[in-house]
Number of protein chains: 2
Amino acid sequence: MPFNLKYFLPYRLRILYVTITHTFSPIYIKQFDLTPSEWRILASLAQFGQVTAKTLGTHSRMHKTKVSRAVCQLNKRGLITKIPNENDLRETFLEISDKGSIIYEKLALQAEEFDNQMMSCLNKQEQQQFTEIIDKLQQHAETNFTE
Amino acid sequence: MPFNLKYFLPYRLRILYVTITHTFSPIYIKQFDLTPSEWRILASLAQFGQVTAKTLGTHSRMHKTKVSRAVCQLNKRGLITKIPNENDLRETFLEISDKGSIIYEKLALQAEEFDNQMMSCLNKQEQQQFTEIIDKLQQHAETNFTE
DNA sequence: TATAATTAGTTACATTTAAAACTATTGCTA
DNA sequence: TAGCAATAGTTTTAAATGTAACTAATTATA
């Protein structure tokens with residue numbers, strides 16, 4: 001079987017990702033003037049509690065300068081709090097603030113609704129299969145191809 | 001069930017896409033000094049024959065300025081050919097050149113190998129399921145959420 | 001058929017991005 | 001423990017990106 005772009009994994013994933021994100025991103029952009037990076041960080045902090053910028057970046061595959069700038073912006077708006085690590089002054093723990101939580105809660109509700117709506121084209125079994133497959137691919141990609 | 005970022009469709013897709021593309025893109029960047037957009041266009045033209053920049057953009061979800069610049073660059077390097085449409089002088093048909101085809105063939109081989117290696121963590125049945133699910137999601141996203 | 005509206009594609013401009021260089025701090029090792 | 005390597009995070013710089021404005025051509029309409 002010769003190479004077929006249409007079924008090339010990176011190509012397929014990108015097309016789907018671009019399509020989907022273009023329909024969701026206006027939600028946080030328009031309502032709360034958040035960039036995609038800012039939304040990702042806010043949501044991550046809401047879920048994972050105190051973490052460093054480094055951890056945040058690794059976890060959500062964001063470049064450290066991207067994280068740095070988004071964190072700076074969120075901090076400036078008072079949506080997150082910086083807590084210096086006394087044991088290692090190089091790093092800082094980041095935490096979502098009350099003000100940030102209010103925004104997050106509103107967005108999480110809409111994100112959940114969006115996700116349900118998106119996944120509604122799949123039956124329960126397919127949804128299960130999808131999760132398993134994505135996880136397998138993710139793990140495979142990481143273990144075999146990351147430096 | 002409360003909102004869980006880890007299972008949020010756009011988030012999951014982005015992480016997987018970023019991980020995977022970061023392992024494949026060095027292949028065309030280092031060997032042939034192609035940008036991701038240029039590689040996508042080259043591969044699209046190799047597969048679909050003569051198409052306009054407009055079609056190319058719609059098909060692969062690329063912004064028209066991105067297409068414009070990538071096409072310009074590929075043309076400058078002689079990897080594609082521009083053929084004016086006599087019936088509508090606004091648009092131009094684009095075609096891969098012999099020189100471009102040589103590069104494409106070499107990359108297609110490696111892309112195929114990469115894809116097989118990536119998909120090898122899934123059994124035949126899962127691969128089939130994956131294709132069906134991605135297609136369903138793509139179609140659902142397009143029909144319900146595109147302007 | 002003249003004029004307005006639309007479309008394909010390019011260019012100018014402002015923003016966003018990543019690579020590289022940098023600061024500050026900690027860990028390693030000789 | 002002195003000095004060198006490594007790390008977290010920021011800033012500088014250059015490249016890539018999208019928005020908006022533009023050109024040139026076509027289509028719609030009055």
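Throughout, a chain's letter reflects where its sequence line sits, starting with A, and its residues are numbered from 1. All values derive from a computational prediction rather than experimental measurement.
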Tell me: [atom1] of [X] to [atom2] of [N], nearest whole Å?
X        : N       : atom1 : atom2 : answer
Met62(A) : dT17(C) : CE    : C1'   : 11 Å
Asp88(A) : dT26(C) : CG    : P     : 5 Å
Gln73(A) : dT15(C) : CD    : P     : 13 Å
Glu38(A) : dT16(C) : CD    : C1'   : 12 Å

Terminal contacting nucleotides, 5' and 3', DNA chain D versus chain B (heavy atom, 4.0 Å) | dT17(D) to dT26(D)
Pair Thr55(A)-Thr52(A), side-chain donor/acceptor within less than 3.5 Å | yes
Go through the side-chain N and O atoms of Thr131(B) and Arg12(A) and say whether any donor and acceptor fall under 3.5 Å apart.
-> yes
Is it true that atom CD of Glu113(B) has more than 12 heavy atoms of other residues, nucleotides or ligands lying nearer than 6.0 Å?
-> no
Under the criterion side-chain contact (heavy atoms from CB on, under 4.5 Å), which of Leu74(B), Ile96(B), Ile102(B) is the partner of Leu79(B)?
-> Leu74(B)
Of the non-hydrogen atoms in Met118(A) and Leu9(B), which two are nearest, and what is the gap between them?
-> CB-CD2, 3.9 Å
When every non-hydrogen atom of Lys6(A) is compared with those of Gln47(B), the smallest separation belongs to N-OE1, 4.4 Å
His63(A) side chain near dT17(C) phosphate (N/O to OP1/OP2, under 4.0 Å) = no
Per-nucleotide protein contact string for nucleotides 9-14 of chain C, where B marks a base within reach and S marks sugar-phosphate only (heavy atoms under 4.0 Å, - for neither) | BBBB--
Cluster link Tyr11(A) to Ile29(B), ILVMFWY, side chain under 4.5 Å = yes
Mind checking whether Phe24(A) and Phe8(B) have ring centres under 6.0 Å apart?
-> yes
